[in-house]
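Before any comments, here is the structure.
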Amino acid sequence: MKIASWNVNSIRARLEPVTKWLEKSKPDILLLQELKGSEFPVDYFKTLGYESSAVTQKSYNGVAILSRHPIETISTTLNGDETDSHARFLDTLIDGIRVINIYLPNGNPVGTAKFDYKLAWMDRLSFLLADLIKKDEPGLIGGDFNVIPEDVDCHKPSSWVYDAIFQPESRSRYRAYLAMGYTDAFRSLHPEESGKFTYWDYFRKAFEYNRGARIDHFLLSPKIASRLRSCEIDTGPRAEEKPSDHTPIVIELS
DNA sequence: ATGTCGCCTCATAGGCGA
């Protein structure tokens with residue numbers, strides 16, 4: 001079972017790259033973030049052989065799951081704040097696995113309500129994660145976490161010190177997820193590797209110089225972690241014309 | 001501070017979010 005996650009920075013602008021990548025990589029499941037529009041092309045992906053479930057919003061955010069297997073949508077909102085209307089969360093059941101797609105708030109600039117929202121969102125997510133552990137469910141949470149877990153997960157820590165994705169408050173919450181028993185799929189299989197990123201700025205030839213950050217992750221619940229066979233970052237799409245600023249991360253489960 | 005995208009509109013330029 002091959003499962004991938006990709007922040008596409010507008011599904012409309014990225015329809016060709018996504019199609020090309022699906023046909024080449026043939027994942028069973030693809031988690032998409034930053035759809036950036038009210039419409040999701042359900043029928044189009046159906047012609048490519050993928051079922052879909054999407055949570056959309058005008059202009060901003062938006063998450064979707066494509067799957068070759070039937071999708072049971074469990075929830076389109078993250079518990080804990082009735083006033084939160086952002087399209088950032090999609091909880092599903094596919095082939096007996098809880099598949100949760102998140103677009104965690106960026107949180108910049110630090111010191112504003114946006115950063116408070118990010119931290120509150122991370123706290124709300126922790127309750128769901130604790131629940132999955134308690135019920136001993138096979139599940140995974142994938143997506144754009146907007147968190148650089150460790151210094152090795154960016155090209156140069158000093159250039160991120162004022163960024164919300166690098167703040168101690170963001171990173172300690174991410175580490176608390178791991179302390180609960182979740183496995184960071186990429187890091188567990190590549191414990192020492194540096195310079196492996198999923199996101200690079202559009203500016204200043206960041207990709208060419210590999211000045212990026214590892215902020216797109218798969219967290220595996222204890223019940224499913226032993227099934228992890230591989231986790232790789234596919235930098236191919238980032239090198240193409242008109243790319244997203246993120247590139248796909250791919251896991252394989254036995 | 002800056003750079004570059006993609007979105008939207010009090011729309012073909014500028015603001016917002018990333």
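Only this structure's heavy atoms are used, side chains among them; waters, hydrogens and symmetry mates stay out. Throughout, a chain's letter reflects where its sequence line sits, starting with A, and its residues are numbered from 1.
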Determine the Euclidean distance between corresponding C1' atoms of dG15(B) and dC10(B); express it in Å to zero decimal places.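 Straight-line distance between the two C1' atoms is 12 Å.
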Gap in Å between the two P atoms, one belonging to dG14(B) and one to dG3(B), rounded: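 That atom pair is separated by 15 Å.
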Those residues that, when tested against [X], pass salt bridge (Lys or Arg N to Asp or Glu O under 4.0 Å) (two or more places apart):
| X | answer |
| --- | --- |
| Arg214(A) | Asp153(A), Asp184(A) |
| Arg175(A) | Glu150(A) |
| Asp136(A) | Lys223(A) |
| Lys58(A) | none |

Residues in contact with DNA chain B, drawn from residues 101-110 of chain A - heavy-atom cutoff 4.0 Å: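 DNA chain B contact set from residues 101-110 of chain A: Tyr103(A), Asn106(A).
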Near-strand residues of residues 152-169 of chain A, defined as heavy-atom separation under 4.0 angstrom from DNA chain B: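 Within residues 152-169 of chain A, no residue comes under 4.0 Å of DNA chain B.
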List, with names and distances, any nitrogen or oxygen atoms from the protein found under 3.5 Å away from nitrogen or oxygen atoms belonging to nucleotides 6-9 of chain B.
{"residue": "dG6(B)", "atom": "OP1", "partner": "Arg14(A)", "partner atom": "NH1", "Å": "2.8"}
{"residue": "dG6(B)", "atom": "OP1", "partner": "Arg14(A)", "partner atom": "NH2", "Å": "3.2"}
{"residue": "dG6(B)", "atom": "OP2", "partner": "Lys242(A)", "partner atom": "NZ", "Å": "2.8"}
{"residue": "dG6(B)", "atom": "O3'", "partner": "Ser10(A)", "partner atom": "OG", "Å": "3.3"}
{"residue": "dC7(B)", "atom": "OP1", "partner": "Ser10(A)", "partner atom": "OG", "Å": "2.6"}
{"residue": "dC8(B)", "atom": "OP2", "partner": "Arg12(A)", "partner atom": "NH2", "Å": "3.4"}
{"residue": "dT9(B)", "atom": "OP1", "partner": "Lys58(A)", "partner atom": "NZ", "Å": "3.0"}

For Arg238(A), report the nucleic acid contact type (base, sugar-phosphate, nothing); a contact means any heavy atom under 4.0 Å.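 The residue Arg238(A) makes no contact with any strand.
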Going by ring-ring contact (aromatic ring centres under 6.0 Å, His included), name the residues that satisfy it together with Phe89(A), two or more places apart in sequence or in a different chain.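 For Phe89(A), no residue satisfies ring-ring contact (aromatic ring centres under 6.0 Å, His included) once neighbours in sequence are set aside.
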Considering only Ile, Leu, Val, Met, Phe, Trp and Tyr, and joining two whenever side-chain heavy atoms are under 4.5 Å apart, list the other residues clustered with Phe197(A).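 The other cluster members (ILVMFWY side chains, heavy atoms under 4.5 Å, direct or chained) are Trp200(A), Phe207(A).
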Tell me who clusters with Leu32(A), hydrophobic residues only, linked when side chains sit under 4.5 Å apart either directly or through other members.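 Trp6(A), Val8(A), Ile11(A), Leu15(A), Val18(A), Trp21(A), Leu22(A), Leu30(A), Leu35(A), Phe40(A), Val42(A), Tyr44(A), Phe45(A), Leu48(A), Tyr50(A), Leu66(A), Val250(A), listed by chain and number.
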Interatomic distance where CZ belongs to Phe207(A) and C1' belongs to dG3(B) [whole Å]: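 Spelled out: CZ on Phe207(A) to C1' on dG3(B) is 18 Å.
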Give me each pair satisfying ring pair (Phe, Tyr, Trp, His ring centres under 6.0 Å) with a member in residues 127-153 of chain A, each pair once, sequence neighbours excluded.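 Qualifying pairs, neighbours excluded: Phe145(A)-Tyr174(A), Phe145(A)-His217(A).
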Partners passing side chain to side chain donor-acceptor pair (under 3.5 Å) against Arg204(A) (at least two apart in sequence or in another chain):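 Scan of Arg204(A) (side chain to side chain donor-acceptor pair (under 3.5 Å), adjacent residues dropped) gives none.
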Tyr209(A)/His155(A) aromatic ring centres below 6.0 Å: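 So the answer is no for these two rings.
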